[in-house]
Amino acid sequence: MNYLIKNAQTIFQDSKLNSSTNANDIRISQGVITEIGTQLLPNTSQNERLINAKGCVVYPGFVNTHHHLAQSVLKGVPEGLNQDLGQWLAAVPYRFWPKIPPRLMYLSAKLGIYELIRSGATSCADHHYLYHANSSAEVEAALWQAASDMGIRFTLCRGGATQVGKHKGMSRLNLQPESIEQCLERMQDSLKHHDPSPLSMSRLCVAPTSLIHSASKHDLITLAQFARSNGLKLHSHLLEVEFDQQQALKNHQMSAIDYAHSCDWLGADVWFAHLVKADRQAIELLAQTNTGMSHCPTSNCRLGSGIAPAYAMDKAGINVSIGVDGSASSESGSMLQELNLAWLLQRAQHGAANVPLEQVVHWGTRNGAHSLGLKTGRLELGYAADLVIYDIEELRIASVHDQRLAPILCGEPTQVKYSFINGVPVIDKGLFTRFDPQELAAELKQEMRTFLATIE
Ligand SMILES: [Zn+2]
């Protein structure tokens with residue numbers, strides 16, 4: 001079906017930075033934006049449905065560039081509260097993840113995707129690292145299935161560790177990491193999900209869990225070669241805390257960013273999550289090599305890691321995007337919260353004359369799409385019809401003067417009236433079309449009870 005969105009109060013168009021646009025109608029045909037203007041006439045011959053967007057603002061869907069959907073069932077674990085990254089890793093993800101069964105992975109992914117879509121996201125890059133020597137292929141399969149069932153535009157950033165004997169979480173549970181050969185063989189199989197086209201709904205990306213800790217230099221170079229020979233993007237965690245820098249200096253006698261460079265892990269096809277501790281040298285090298293960053297402020301606050309120099313990176317020419325990170329350290333799972341917090345924190349650091357809100361919207365939309373190599377994140381002709389229609393007449397935000405920015409200014413909660421992904425409504429008149437949230441909640445509770453009984 002095709003759609004004509006009519007009478008929107010306003011439209012957030014990329015090319016109209018710092019100014020309002022008069023257009024209030026958008027036509028969607030075959031999953032793509034085909035017309036933007038005023039007083040567009042319905043096309044009765046095209047099986048076109050009319051969407052009344054009166055009292056609404058239309059945004060490009062947010063592109064989340066860093067998540068761990070497996071963590072949606074690990075929110076608020078008591079032992080992980082008030083802990084820093086290292087303590088939290090041991091108390092929460094390492095303790096639980098090797099035991100997550102495929103069905104729970106499926107439900108966890110659906111929950112995380114639900115939270116993204118209800119907060120204005122239409123694309124998700126999930127950093128999935130639930131692999132060891134004997135892990136089941138069904139866990140990864142559950143993730144692909146959940147993304148497809150929920151209708152989100154999806155990139156699976158294939159994580160994992162090949163550093164035998166050095167992974168504390170796995171050694172505690174007597175598990176062996178994958179060998180590099182095993183990892184490559186399994187990724188080769190996952191390539192069947194990879195569609196390289198710009199409007200792809202399903203992508204694979206090579207993403208060892210931590211660039212500094214998860215793989216040897218030899219394995220990192222091998223993984224980068226595998227990625228580039230198959231046209232895949234590269235992603236990892238880097239410089240979330242100072243420990244990365246210390247370990248790089250100790251083990252490789254160079255800074256973490258120089259180490260990344262020496263392993264062929266910088267470039268326009270690479271983006272890193274966090275970079276909280278990126279110093280001037282790191283920022284310069286990231287900029288020179290067109291390497292991107294995923295800014296995850298909620299998680300960085302929650303774990304006390306600090307505030308990433310996102311605006312300084314943006315100024316240096318680095319492609320800054322936004323990620324919610326996993327819900328074990330970022331319980332809201334909300335892109336809207338992430339954008340709102342990114343804006344506030346960067347202004348607190350850089351002063352009131354800096355960090356315009358429109359720029360932060362770009363981080364959450366077009367920049368995310370740029371990192372993932374997708375033709376989305378903009379309300380422009382020929383771009384994917386990934387767009388979100390917010391109700392700005394609802395009581396909480398009806399009094400905002402700048403209606404174009406109302407959803408981001410006010411933050412959560414907000415009312416998504418319609419969400420289109422690839423030209424298909426996943427939220428229609430405020431209701432999810434692909435699943436029943438109450439049914440998911442009921443099954444999730446039951447599966448979590450069974451799961452928690454397996455954890456010491
Ligand atoms: Zn992460």
Side-chain angles (χ1 to χ4, degrees), residues 63-75 77 80 83-97 100 105 108-109 111-113 115-116 121 123-131 143 154-161 167-169 205-215 233-244 256 260 265 270-278 291-308 310 320-335 337-338 341-342 363-364 368 371-372:
V63 179
N64 173 30
T65 56
H66 185 71
H67 208 327
H68 305 288
L69 288 167
Q71 292 182 11
S72 298
V73 290
L74 303 179
K75 295 183 183 188
V77 175
Q83 306 276 32
D84 68 16
L85 176 70
Q87 298 162 327
W88 168 87
L89 279 170
V92 188
Y94 288 174
R95 187 166 146 230
F96 291 95
W97 75 251
I100 293 179
M105 180 64 244
S108 186
L111 169 58
I113 294 167
E115 291 175 300
L116 288 175
S123 295
C124 175
D126 188 54
H127 197 180
H128 178 71
Y129 51 74
L130 276 58
Y131 303 93
L143 199 47
F154 188 63
T155 297
L156 190 142
C157 302
R158 205 279 189 194
H167 193 290
K168 279 189 222 154
C205 159
V206 175
T209 310
S210 159
L211 199 78
I212 303 296
H213 309 288
S214 300
K233 304 273 181 193
L234 298 88
H235 177 58
S236 190
H237 290 103
L238 188 65
L239 286 168
E240 182 171 358
V241 291
E242 207 57 59
F243 189 55
D244 278 8
W265 266 81
V270 185
W271 82 103
F272 291 116
H274 302 301
L275 293 168
V276 176
K277 304 298 177 186
T291 308
M293 82 91 84
S294 178
H295 182 35
C296 309
T298 302
S299 176
N300 300 153
C301 288
R302 160 80 151 77
L303 295 172
S305 305
I307 302 172
V320 174
S321 62
I322 298 283
V324 300
D325 207 2
S327 290
S329 64
S330 176
E331 274 83 350
S332 77
S334 160
M335 274 298 276
Q337 158 154 330
E338 220 57 49
L341 185 61
W363 294 357
S371 272
L372 301 185

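All ligand and atom numbering here is 1-based and tracks the order in the structure. For clarity, every value in this text was computed on a predicted model and none was experimentally measured. The first residue of the sequence shown is numbered 1, and numbering continues consecutively from there.
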- Task: Rounded to the nearest 10 degrees, what's the angle OD1 of Asp325 makes with NE2 of His66 at the Zn ion (ligand 1)? Could you check?
- Result: 90°
- Task: Quick one: do Leu238 and Ile212 satisfy side-chain contact (heavy atoms from CB on, under 4.5 Å)? Show the steps, please.
- Result: CA-CA 7 Å; Leu238 188 65; Ile212 303 296; 3.9 Å; yes
- Message: Quick check on the 6.0 Å ring-centre criterion: do His66 and His274 meet it?
- Response: yes
- Query: If every non-hydrogen atom of Gly160 is compared with every non-hydrogen atom of Tyr129, which pair is closest and at what distance?
  - Reply: N-CB, 3.6 Å
- Query: How about His68: does one of its N, O or S atoms come closer than 2.8 Å to the Zn ion (ligand 1)?
  - Reply: yes
- Under 2.8 Å: N/O/S of His127 next to the Zn ion (ligand 1): no
- Task: Apply side-chain contact (heavy atoms from CB on, under 4.5 Å) to Val324 and Glu115, showing your working.
- Result: CA-CA 10 Å; Val324 300; Glu115 291 175 300; over 6 Å; no
- Message: Distance check below 2.8 Å: does His237 bring an N, O or S atom to the Zn ion (ligand 1)?
- Response: yes
